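The structure under discussion appears below in the form of structure tokens.
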Protein chains: 2
Amino acid sequence: MKRQRMNDQGGTVTIHDVARHAGVSSMTVSRVINKNVNVREPLREKVMASIKALKYTMNMAARSTRAGMGGVRIGVLYSHPSASYLNEIMLGGLDQAARLGAQLLLEKCGGLQSQKNAVNRLVEAGVDGVILPPPLCDSAPTVQMLTRVGIPVLALATARPLPEVSAVRIDDFQGALALTRHLIKLGHKRIGFIKGNPTHTPTEVRYEGFLKGLSEAGIALDEALVVQGQFTYKSGLETGRELLDRKDPPTAIFASNDDMAAGVMAVAHGLKISIPEQLSVCGFDDTPVASTIWPQLTTVHQPIVAMGRSSVSTIFERIKELKSGEPSRPAHQLMKFTLMDRDSTGPAPE
Amino acid sequence: MKRQRMNDQGGTVTIHDVARHAGVSSMTVSRVINKNVNVREPLREKVMASIKALKYTMNMAARSTRAGMGGVRIGVLYSHPSASYLNEIMLGGLDQAARLGAQLLLEKCGGLQSQKNAVNRLVEAGVDGVILPPPLCDSAPTVQMLTRVGIPVLALATARPLPEVSAVRIDDFQGALALTRHLIKLGHKRIGFIKGNPTHTPTEVRYEGFLKGLSEAGIALDEALVVQGQFTYKSGLETGRELLDRKDPPTAIFASNDDMAAGVMAVAHGLKISIPEQLSVCGFDDTPVASTIWPQLTTVHQPIVAMGRSSVSTIFERIKELKSGEPSRPAHQLMKFTLMDRDSTGPAPE
DNA sequence: CTGAAAGCGCTTACAG
DNA sequence: CTGAAAGCGCTTACAG
């Protein structure tokens, strides 16, 4: 009913209750909690036992006051991400923020002027750092505006990380390569490719991975099967129709993200082309739509929840270093992707 | 660059800096900040001036320690909402949480067992209250699990609020009625209706609004044009095809939410039926997909961001009352909806 | 490696 | 109506 358990007096269980229970000083408890090395094993164990017995949980607010890390505020600024993508980020991000006692502020923006306003709002709100999910992770103006006022930035899921900006991402090239190999192994030779929005860095990198997959299998690129999408459902609809209306349609379509793949599948449904018997479709990202649509989509899974979590802790560390005047460098973290082999891909038709 | 501005010593501006600047005690500053009545106008003005001059902002973490309101934690538990819907909720909710110095915890779940686990995780994490976005807002088991352990619940966007549970919502009946009137005014008489998931409360209520619209215009209900959807894109695809494959298809389709409307439009595209010339389509909710798809969707706008904000402050008040032992009753708030007349609806064809 | 003291920024409870 | 004192739960900095 209350967050912290009650002690004998009916109050919240504090570090001091634990100390009394374990027969040590509060400082020792504090050290144990903070995984400080300077505590001998027997003491540490006693303290851990008392923590369990009393069901102690730390009061983050109290820690914040003293630690100077007082209420770190981290902004999450987004423009037009995949909605579900953002949810997953927040799922991991909020969890990590709660652990660290940090506040997350969501801010939305559109065009360039709107980006400026949003940055100003964040600065006014006093954020100590900002996470930029795609596509804003690749917006040079936004990164610069923030950097110029001394706010550290983290680019989430950019495909071309900058050395001077922290980043958390997967290897888009290897992901696209793995997907292409998968299609080729299924016997597909005429593979359509739908590129994403040209201003997003994953667009080119995923395409490069696709090209690599073709060339290593000795398949010549048919440029007529490469079409320009925008990462949107609508562009999937349009380019899907373009590809499928051909007299010699491809047997497989690699859409650079799930939303476009969903658009392709809608067109195929409309044309009564059965998936995967007559056409294989794959996407990229493994957003919830991938397992919502029918048949479920073969795609590359980005560990988005974990990436959200990691983004928060990475930028938190950076903020801490900056505040305490320690030397601090942007951090770069590469996460593992997974090829999700589901029902939208199958052997190439005869 | 730092959240709080610097004082002369280069430290953070505190209540004491303001007090010194204004020539009063820190207590008076505290009273002004907290809008306590017991401060005379001249003093209050002096303090307000100093706050502005020094750009003071309160350290929420510090307040929390002493105020007993220590780090209120509010859970947001969701299962399968529209992803973008959830984003909007978080947009408003996080903003309000930051103002109040509360932590928001996002938790995701699926089936009933998974709901139990999620509730346990939230209880373990020590939440003081839980917001339930749709469809969980109508899950009796979840509400009960929470209520039983004494955690106050807020049902967000339920169509049938319970007296014993707080709620923030719009009037789904009036919304559906407004949309139906709109279609009828455009000359439509054969209107298809796609119901939503039967376990969600808005499903029936929106249908009732639709029926009311027909009856007040003296149009007889053609039950063959009422089909059962699930609020999913996929069900929009299926029911849309069902409706449009008829020899006497409707001239307008009222889908109970935007996702299903998007599905209907995809089918129409596939069938080369032009919207709105040959077919009018409308949705409900005005999630981002409504203005992303083409043509843009006529729908009922729920002020979701504001509802997220309101949910947080409403449950926060409730938590505060409960903690301080004040008498407390569930609060109910009705928000205004807006009919968004966009490009997916037009005059009925001859 | 362990602990006693002082303090983080704010508020409660007590005086005037 | 205003203020001086004590304390929230934790950590920093200083001793041993």
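All chains are named by letter (A, B, ...) in the order of the sequence lines, taking the proteins before the strands, and each is independently numbered beginning at 1. Small disclaimer: the values here were computed from a predicted structure and weren't measured.
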Checklist entry - Which whole-number value in Å describes the distance from A:M58 CE to D:dC10 C1'? => result 8 Å
Item to check | B:M27 CE to D:dA5 C1', straight-line distance once rounded to whole Å | outcome: 12 Å
Checklist entry - To the nearest angstrom, how far is B:R44 atom CZ from D:dG3 atom P? => result 14 Å
Next on the checklist: So for atom CE, which belongs to A:M48, do other residues, nucleotides or ligands contribute more than 12 heavy atoms lying within a distance under 6.0 Å?
Outcome noted: no
Next on the checklist: Using modelled atom types and a 3.5 Å cut-off, is there a donor and acceptor pairing between side-chain atoms of A:S166 and backbone atoms of A:A331?
Outcome noted: yes
Next on the checklist: I need the CZ-C1' distance between A:R20 and D:dC10, as an integer number of Å.
Outcome noted: 15 Å
Checklist entry - Would you say B:N59 and B:T14 make side-chain contact, with heavy atoms under 4.5 Å? => result no
Checklist entry - Over how many whole Å does the gap from B:N59 atom CG to C:dG7 atom P extend? => result 18 Å
Item to check | Candidate nucleotides D:dG9, D:dT2, D:dG3, ranked by approach to the side chain of A:A62 - the nearest | outcome: D:dG9
Checklist entry - Does the side chain of B:N34 get closer than 4.0 angstrom to OP1 or OP2 of C:dT11 through an N or O atom? => result yes
Checklist entry - Please give, in whole Å, the distance from D:dG3 P to B:L43 CG? => result 6 Å
Next on the checklist: If I take atom CZ in residue B:R31 and atom C1' in nucleotide D:dT2, what distance separates them, rounded to the nearest angstrom?
Outcome noted: 6 Å
Item to check | Short side-chain N/O contact from B:S30 to OP1 or OP2 of C:dT11, under 4.0 Å | outcome: yes
Checklist entry - Using a cut-off of less than 4.0 Å, is there contact between a side-chain N or O of A:S25 and OP1 or OP2 of C:dG3? => result yes
Item to check | Shortest non-hydrogen separation from A:L105 to B:A98 and the atoms involved | outcome: CD2-CB, 3.2 Å
Next on the checklist: For a quick check of understanding: with a heavy-atom distance under 4.0 Å over all strands, which category does A:I33 fall into, base, sugar-phosphate or nothing?
Outcome noted: nothing
Checklist entry - Side-chain N or O of A:T28 less than 4.0 angstrom from OP1 or OP2 on C:dG3? => result yes
Next on the checklist: Less than 4.5 Å apart, side chain to side chain, heavy atoms only: is that true for A:Y78 and A:I89?
Outcome noted: no
Checklist entry - Does C:dA4 pair with anything, Watson-Crick or G-U wobble, both distances under 3.5 Å, and if so, with which nucleotide? => result none
Next on the checklist: In whole Å, I'd like the distance from the CG atom of A:N38 to the C1' atom of D:dA15.
Outcome noted: 15 Å
